[in-house]
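Heads up: the structure comes next, in structure tokens.
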Amino acid sequence: MKIETRFNVDDNVYFMHENSVATGQVAVVQVYAHKPYNDEVVTGTKYYLKNSGKSDGYMEEELFASKQELLNSL
């Protein structure tokens, strides 16, 4: 199995924090895959940022590679 993530450790990312654009650096990448009660495999990636103040991490869809990419998503 090959696992590819959108961001890697030490990448700088952009996200929304208290209605403002914020930036952070990826400290931990957590990938999960599990098969609950049916035959469908559920996968996801969670990122933990250095000094972000959010202890439960960010899902991949909450982070952006550039400020412009974040603004275009709004």
Side-chain angles (χ1 to χ4, degrees):
M1 171 189 273
K2 183 177 181 178
I3 298 173
E4 293 185 29
T5 60
R6 184 169 177 205
F7 303 108
N8 296 311
V9 172
D10 291 333
D11 283 353
N12 289 314
V13 294
Y14 294 83
F15 57 98
M16 292 299 294
H17 178 70
E18 296 179 356
N19 282 337
S20 296
V21 175
T23 186
Q25 189 176 43
V26 176
V28 176
V29 179
Q30 180 183 37
V31 178
Y32 62 88
H34 63 93
K35 193 172 187 179
Y37 302 109
N38 56 20
D39 287 338
E40 193 172 320
V41 175
V42 177
T43 62
T45 306
K46 201 171 217 184
Y47 297 89
Y48 296 87
L49 307 180
K50 295 177 183 175
N51 303 319
S52 73
K54 186 174 179 185
S55 62
D56 59 343
Y58 294 86
M59 296 304 292
E60 193 165 69
E61 58 270 7
E62 296 178 280
L63 300 177
F64 300 89
S66 70
K67 189 176 190 177
Q68 188 62 49
E69 186 182 320
L70 185 153
L71 294 174
N72 290 343
S73 74
L74 301 175

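Predicted model, so just to flag it, every value in this text is computed and none were measured. One is the number of the first residue; the rest follow in order along the sequence.
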Quiz item: Is a donor on one side and an acceptor on the other found under 3.5 Å between the side chain of Tyr47 and the backbone of Leu63?
Solution: no
Quiz item: Heavy-atom count around Lys67 NZ within 6.0 Å, excluding the residue itself: above 12?
Solution: no
Quiz item: Please, which pairs that meet ring pair (Phe, Tyr, Trp, His ring centres under 6.0 Å) have at least one residue in residues 10-32, sequence neighbours excluded?
Solution: Phe15-Tyr58
Quiz item: How long is the gap from NZ on Lys50 to CG on Asn12, to the nearest 0.5 Å?
Solution: 9.0 Å
Practice problem: Report, as yes or no, whether the 6.0 Å neighbourhood of atom CD on Glu61 holds more than 12 heavy atoms from other residues, nucleotides or ligands. | Solution: yes
Quiz prompt | Under 4.5 Å side-chain linkage, directly or through intermediates, the cluster mates of Val28 | solution = Tyr48
Practice problem: Could you pull out the closest heavy-atom pair between Met16 and Val21, with the gap in Å? | Solution: SD-CG2, 4.0 Å
Practice problem: Work out which heavy atom in Asp11 is nearest to a heavy atom in Asn8; give both atom names and the distance. | Solution: OD2-N, 2.7 Å
Practice problem: Mind listing the closest non-hydrogen atom pair of Thr43 and Ala33 along with its distance? | Solution: CG2-CB, 3.8 Å
Quiz item: Roughly how far, to the nearest 0.5 Å, is the CZ atom of Phe64 from the CG atom of Leu74?
Solution: 7.0 Å
Practice problem: Flag yes if Val42 and Val31 sit in one hydrophobic cluster, no otherwise; membership is Ile, Leu, Val, Met, Phe, Trp, Tyr, and two members link when side-chain heavy atoms are under 4.5 Å apart. | Solution: no
Self-check item: For Asp10 against Gln25, the heavy-atom pair lying closest together
Solution: O-NE2, 3.2 Å
Quiz item: Hey, are the side chains of Lys35 and Glu40 touching, using non-hydrogen atoms and a 4.5 Å cut-off?
Solution: no
Quiz item: Under 4.5 Å between side-chain heavy atoms, hopping through other hydrophobics if needed: is there a path connecting Met59 to Ile3?
Solution: no
Exercise. Give a yes or no on this: more than 12 heavy atoms of other residues, nucleotides or ligands lie within 6.0 Å of atom CG of Asp56.
Key: yes
